[in-house]
**Student:** 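Have a look at the structure that comes next, please.
Below, chains carry the letters A, B, ... as their sequence lines are ordered, and counting in each starts from 1. Quick caveat: nothing in here was measured; it's all calculated off a predicted structure.
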2 protein chains.
Amino acid sequence: MVTYSEKQLKPIDEFCPMWEVLTQEERFYLRENTKLQHFRKNEVIYCEGETPKFMMCLVTGKVKIYKDGVGGRSQIIRLIKPVDIFGYRAFFAKEPYLTSASTIESSSAYLVPMQVVEQIIQSNNKLALYFIQSLASDLGVDDARIVSLTQKHVRGRLAESLIMLRDNYGVESDGRTINSHLSREDLANYSNMTTSNAIRTLSNFVSEGVIAVSGRNIQILDEEQLRKISKIG
Amino acid sequence: MVTYSEKQLKPIDEFCPMWEVLTQEERFYLRENTKLQHFRKNEVIYCEGETPKFMMCLVTGKVKIYKDGVGGRSQIIRLIKPVDIFGYRAFFAKEPYLTSASTIESSSAYLVPMQVVEQIIQSNNKLALYFIQSLASDLGVDDARIVSLTQKHVRGRLAESLIMLRDNYGVESDGRTINSHLSREDLANYSNMTTSNAIRTLSNFVSEGVIAVSGRNIQILDEEQLRKISKIG
DNA sequence: GTATTTTTGTGCTGTAAAACATTGTTTTAA
DNA sequence: TTAAAACAATGTTTTACAGCACAAAAATAC
């Protein structure tokens with residue numbers, strides 16, 4: 001198997017498809033101003049209240065976007081996977097960061113100064129439309145999430161999270177194990193419940209034969225049933 | 001006092017500031033393709049699942065964007081006031097509507113076909129940037145709302161809603177009465193609680209001298225205290 | 001002006017889920 | 001290689017809130 005470090009990393013404009021609409025000139029400008037940065041596991045990338053300066057494009061690893069609420073309880077808003085971009089919303093809204101971002105495993109990301117992004121948008125309408133679509137999609141996800149997190153019961157919320165994790169991060173070579181190894185706490189913080197309840201409900205799902213669990217590895221055994229729980233619960 | 005119908009209504013490009021960035025040609029094109037439509041109280045403007053065709057710009061009245069969740073419970077996602085635009089997100093995300101929109105009082109809105117909006121965006125970067133900013137702001141509001149609605153207690157959620165209503169719709173001539181007359185049910189659906197709890201908590205606030213209530217009129221008497229309840233609760 | 005529906009107000013009950021406590025297990029670090 | 005910290009598992013207690021049921025008041029229709 002070839003590890004990441006052995007491969008020649010593509011420059012940012014070839015690395016993710018969103019930049020395909022750029023002219024050669026714009027691509028060069030983007031490349032010249034982008035730097036690659038590595039982050040250790042559980043390293044904070046940016047914090048709520050900071051001024052947004054860079055847009056990040058995740059190259060390897062996994063990142064959580066979260067918000068600390070009442071009484072130290074943290075809510076994970078969304079999860080980032082490689083080639084996803086993040087950290088640009090607050091800049092466009094002309095606000096300080098409203099959320100924080102932290103790696104959940106060792107990660108690396110391309111950092112693009114937001115002024116550079118803004119400048120290219122001003123000269124390239126297709127890129128502008130890409131951002132419009134991206135923001136509009138995220139907004140739709142958030143709208144749906146508001147209802148799920150407030151109305152569904154613990155079982156339904158956890159089932160939905162498991163399906164999301166599978167859809168977002170995919171499965172390992174066995175075709176079943178979710179390619180994401182969140183701690184019970186992160187799983188709880190994503191699903192708006194206590195860690196105890198995430199653990200409890202997970203074991204219930206195991207007893208019911210819906211999933212199989214081994215440490216942080218989770219296999220979906222009965223997707224049909226999991227979807228049913230997500231929908232009704 | 002001059003009522004709405006007696007005034008000469010401005011054309012859409014002069015009516016809300018977002019179109020100021022348009023050229024004369026674009027303005028004419030926009031004007032030619034826009035129609036004004038009236039909606040009765042509690043009339044549905046669009047429904048979840050429908051294909052988005054028009055962007056709406058609210059001229060008079062109030063509109064709620066909501067989503068029907070588990071067991072008939074409805075969650076109001078956001079409230080629209082005149083000059084606000086709505087109904088465009090799903091088109092940009094290339095999805096069917098994920099939410100529904102309904103008036104909460106007699107309203108009128110300019111309807112602009114989304115193809116027209118898209119076409120102008122393609123030729124006018126400033127308009128594109130306006131939409132980027134608008135979507136980014138809404139996304140920030142949603143992110144914050146996810147945490148408020150899931151972590152705050154009933155009192156905190158209701159207090160937050162009252163402050164939002166005041167900030168969004170302003171006050172009447174007495175300088176105190178919130179210029180919004182939602183039913184207890186709508187107030188509950190916005191704040192993620194049952195109608196009973198909205199009523200109960202509202203009376204508690206009255207006993208505590210934080211607000212005064214007369215039918216659907218709500219006055220904020222002690223804003224300091226209301227903010228405290230919103231923050232801690 | 002009366003009937004009917006909708007909205008509002010209040011008390012009571014059951015329960016889902018948080019909070020807390022305890023113990024075992026794995027990972028990290030000294 | 002043992003101590004310490006973080007994580008996982010499970011049982012018990014507490015509580016915030018939903019879910020009724022019912023009555024009164026207001027809005028709307030007839």
**Student:** Could you pull out all residues at least two apart from B/Ser148 that satisfy side chain to side chain contact (heavy atoms under 4.5 Å, CB included)?
**Tutor:**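 Side chain to side chain contact (heavy atoms under 4.5 Å, CB included) list for B/Ser148, sorted by chain: B/Lys152, B/Glu160.
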**Student:** Would you call B/Gln219 and B/Asp174 a side-chain contact if the rule is heavy atoms closer than 4.5 Å?
**Tutor:**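 Of all side-chain heavy-atom pairs linking B/Asp174 with B/Gln219, at least one is under 4.5 Å.
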**Student:** Rounded off to whole Å, could you give me the NE2-to-P distance for the A/His181 and D/dC7 pair?
**Tutor:**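 That distance rounds to 16 Å.
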**Student:** Could you give the CD-to-P distance, from B/Gln151 to C/dA19, as a whole number of Å?
**Tutor:**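 After rounding, the gap between these two atoms is 10 Å.
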**Student:** Let me know the distance between CG of B/Asn217 and C1' of D/dA26, rounded to the nearest Å.
**Tutor:**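 After rounding, the reported distance stands at 14 Å.
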**Student:** Could you tell me, to 10°, how much the axis swings from one end of the helix from C/dG1-D/dC30 to C/dA30-D/dT1 to the other, five pairs per end?
**Tutor:**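 Here the local axes at opposite ends form an angle of 50°.
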**Student:** May I ask you to decide if the ring planes of A/Tyr46 and A/Tyr97 are parallel, tilted or perpendicular, using 30° and 60° as cut-offs?
**Tutor:**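 Plane angle under 30°, so parallel.
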**Student:** Side chain of A/Ser191, backbone of A/Ala188: donor and acceptor closer than 3.5 Å?
**Tutor:**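 No.
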**Student:** Report the distance from atom CG of A/Leu58 to atom CD1 of A/Ile45, rounding to the nearest 0.5 Å.
**Tutor:**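 Between A/Leu58 CG and A/Ile45 CD1, I get 7.0 Å after rounding to 0.5 Å.
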**Student:** Roughly, in whole Å, what's the span from CG in B/Leu202 to C1' in C/dT8?
**Tutor:**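 About 11 Å, once rounded to whole Å.
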**Student:** Identify, with sequence neighbours excluded, every residue that meets side-chain hydrogen bond (donor to acceptor under 3.5 Å, both in side chains) alongside A/Glu223.
**Tutor:**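 Result, side-chain hydrogen bond (donor to acceptor under 3.5 Å, both in side chains) vs A/Glu223: A/Arg166, A/Arg227.
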**Student:** I'd like to compare against my own output: the B/S/- annotation of nucleotides 16-23 of chain D with a strict under-4.0 Å heavy-atom distance to protein.
**Tutor:** -SSBB---
**Student:** Could you tell me the separation between the CD1 atom of A/Ile104 and the C1' atom of D/dC7, rounded to a whole number of Å?
**Tutor:**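 Checked: the CD1 to C1' distance equals 16 Å.
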**Student:** Can you measure from CG (B/Leu79) to CZ (B/Phe86) and round to the nearest 0.5 angstrom?
**Tutor:**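 It is 11.5 Å, given to the nearest 0.5 Å.
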**Student:** Below 3.5 Å, can you tabulate the donor-acceptor pairs from side chains in residues 64-71 of chain B to any protein atom, sequence neighbours excluded?
**Tutor:**
from    : atom 1 : to       : atom 2 : distance (Å)
B/Lys64 : NZ     : B/Asp186 : OD1    : 3.0
B/Lys67 : NZ     : B/Glu48  : OE2    : 3.3
B/Lys67 : NZ     : B/Leu98  : O      : 3.1

**Student:** Is A/Arg216 near enough to D/dA8 that one of its side-chain N or O atoms lies under 4.0 angstrom from OP1 or OP2?
**Tutor:**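 Checking A/Arg216 against D/dA8: at least one side-chain N or O falls below 4.0 Å of OP1 or OP2.
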**Student:** Would you kindly give the CD1-to-C1' distance between B/Ile199 and C/dT10, to the nearest whole Å?
**Tutor:**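 Those two atoms, CD1 and C1', are 9 Å apart.
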**Student:** Whole angstrom is fine here: how far is it from CG in A/Leu182 over to P in D/dA8?
**Tutor:**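 Value for this atom pair: 10 Å.
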**Student:** Counting primed atoms plus P, OP1 and OP2 as sugar-phosphate and everything else as base, spell out the protein contacts along nucleotides 23-30 of chain C at 4.0 Å heavy-atom distance: B, S or - for each nucleotide, 5' to 3'.
**Tutor:** --------
**Student:** Output yes when a side-chain donor or acceptor of A/Thr103 lies under 3.5 Å from a complementary backbone atom of A/Glu43, and no otherwise.
**Tutor:**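 Present.
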**Student:** What is the separation between atom CG on A/Leu158 and atom P on C/dA16, rounded to the nearest whole Å?
**Tutor:**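 The answer, rounded to whole Å, is 17 Å.
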**Student:** Would the number of heavy atoms belonging to other residues, nucleotides or ligands and lying under 6.0 Å from CZ of A/Arg176 be above 12?
**Tutor:**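 Not buried by this count: 12 neighbours or fewer within 6.0 Å.
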**Student:** Does any part of the side chain of A/Val141, heavy atoms only, come nearer than 4.5 Å to the side chain of A/Arg78, both counted from C-beta?
**Tutor:**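 Result no, sub-4.5 Å side-chain heavy-atom pair not found.
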